[in-house]
Number of protein chains: 2
Amino acid sequence: MTRSRSANKDAPEHLVLETFLPYRLSVLANRVSNAIAQDYEAGFGLRVPEWRVMAVLGRFGANTATGLCHQTAMDKVTISRAATTLLARKFITRKTDPDDRRRTILELTAAGQRVHDEIVPVALAHEADLLHTLSQSERAQLDRLLTKLQQETEVTASRENARGAAQTR
Amino acid sequence: MTRSRSANKDAPEHLVLETFLPYRLSVLANRVSNAIAQDYEAGFGLRVPEWRVMAVLGRFGANTATGLCHQTAMDKVTISRAATTLLARKFITRKTDPDDRRRTILELTAAGQRVHDEIVPVALAHEADLLHTLSQSERAQLDRLLTKLQQETEVTASRENARGAAQTR
DNA sequence: AACTATTCGTTGCAAGTGAAACGAATTTAG
DNA sequence: CTAAATTCGTTTCACTTGCAACGAATAGTT
């Protein structure tokens, strides 16, 4: 299984796609995301960005668009559009911050809160379903490993931001 | 940490986004994918779908578009476009299968093979970099856990296909 | 106080993605 | 042997996504 190839550096080695981590993560995350998106869409007419906004508002209360950017790891454009949709459906309110009138403060309405409280169990059930074959210690292990991988990508992400923010690309 | 909430089913529990598996997978996979896509793009002018096609052709030799669909987990439209691009850059050839003239057989050219052999180490280095904080046993564990999760999504995926193929949706 | 730089959120625009429709080729049924 | 059904790959179209540009508001500088 652990093919040691390092000896011969001119070997035209090929890459086994289905064991290649970036590929595996991409396929897995896509499948999970599509499956759960279907839950949100079918049950509540919400898409993932909209749901993420509601999840954060439901957890922390009122927040600005920029605050939601950081909490949800989504682009501010995506937040803006999600907020517009949620506003039209009266799941949130959007009012200008009197202290800084560039900011808009988003907050769940009572109806939005009710929907939020309905979705949470659905989302958690979906997650539980995904994890149901894993033992408690395996889940803890998964958590640890994902955290490590996340940290690894954060390092490079911050490097990129340092350059990316300054230059055009 | 493991807050037991199951007792009170009316509690308006909120969902902690950063520990929610679908969210974590999505963010992580996105970051990894973007980072490695930059490698391919910057170094070789290739995008992920194009690279995946080359990886499979480099490993198994000539293949049809449909075959590549299954091997790469990408849509046939994506394969078709990737193939067009690779053809224009003369990294692959595309000829009609004489045995079944609906099929087109794709194959790496000598130039394509050379590029392939150049990219593989870059890709593997990127993966190694991502994994460098993980011990050998942690990598094995990660492999096991991802496999389990993949299997879980395959079950639901096949259910969907069973319905999806028969009906309009 | 006036002028520049920065931040906030929205809008416009270009690129990627997948579903559906399509023509061509093959297989299956009658 | 003809006609319907299926398969293969491409094209078209609708939708999502993120970058860049923008106006409005605030902060910083001289």
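Each chain gets a letter, A, B and so on, in the order its sequence line appears, and its residues count up from 1. The analysis underlying the following values was restricted to heavy atoms, covering all of them including side chains, and did not include hydrogens, waters or symmetry mates. Remember, it's a predicted structure, so these values are computed and weren't measured experimentally.
- Taking a cutoff of 4.0 Å between a charged side-chain nitrogen and a carboxylate oxygen, A:Arg139 and A:Glu127 do not qualify as a salt bridge.
- Of the two residues contacting DNA chain C, namely B:Met74 and A:Thr64, the nearest-nucleotide position lying further toward the 5' end is that of A:Thr64.
- A salt bridge does not link B:Arg89 to B:Glu50: none of the charged nitrogens lies less than 4.0 Å from a carboxylate oxygen.
- Spacing between atom CG of B:Asp99 and atom C1' of D:dT7 amounts to 16 Å, rounded to whole angstrom units.
- Distance CG (A:Leu86) to C1' (C:dG9): 16 Å, rounded to an integer number of Å.
- Mapping A:Thr84 and A:Asn30 onto DNA chain C via the closest heavy atom, the residue that lands nearer the 5' end is A:Thr84.
- For the OP1/OP2 pair of C:dG16 and a distance below 4.0 Å, the side-chain nitrogens and oxygens of B:Thr78 include no atom meeting the criterion.
- Going from atom NZ of B:Lys76 over to atom C1' of D:dT10 covers 9 Å, rounded to whole Å.
- B:Asn34 and B:Gln38 form no side-chain donor-acceptor contact under 3.5 Å, judged by distance and modelled atom types alone.
- Sorted by first then second residue, the salt bridge (charged side-chain N to carboxylate O under 4.0 Å, His left out) pairs that include residues 61-70 of chain B, not counting sequence neighbours, number zero.
- Interface remark: the B:Arg81 side chain does form a donor-acceptor pair with the C:dG18 base, using a distance-only criterion of under 3.5 Å.
- Atom-to-atom, CG of B:Asp100 to P of C:dT27 comes out at 6 Å; the value is rounded to the nearest Å.
- For A:Asp75, counting side-chain heavy atoms from C-beta on, the closest listed nucleotide (C:dG9, D:dT10, D:dG18) is D:dG18.
- At whole-Å resolution of the value, CD in B:Glu41 and P in D:dG18 are 17 Å apart.
- For the residue pair B:Arg52 / A:Ser26, a side-chain donor-acceptor distance below 3.5 Å is found, with atom types taken as modelled.
- For B:Leu46 and C:dA15, the CG to P distance is 18 Å, given to the nearest whole Å.
- Rounded to an integer number of Å, the gap from A:Lys95 NZ to C:dG9 C1' is 17 Å.
- For A:Arg102, the side-chain atoms get nearest to C:dT6 when compared with the rest of D:dT17, C:dT6, C:dT17.
- Side-chain atoms of A:Thr66 lie closest to C:dG9 of the nucleotides C:dT10, C:dG9, D:dT10.
- An OP1 or OP2 oxygen of C:dT10 is reached within less than 4.0 angstrom by a side-chain nitrogen or oxygen of A:Ser80.
- The side chain of A:Pro49 has D:dT17 as its nearest neighbour among D:dT17, D:dA25, D:dG9.
- Residue B:Arg103 contributes atom CZ, which lies 12 Å from atom C1' of C:dT27 at whole-angstrom precision.
- Listed pair B:Arg101 / C:dA24 fails the phosphate criterion, with no side-chain N or O lying under 4.0 Å from OP1 or OP2.
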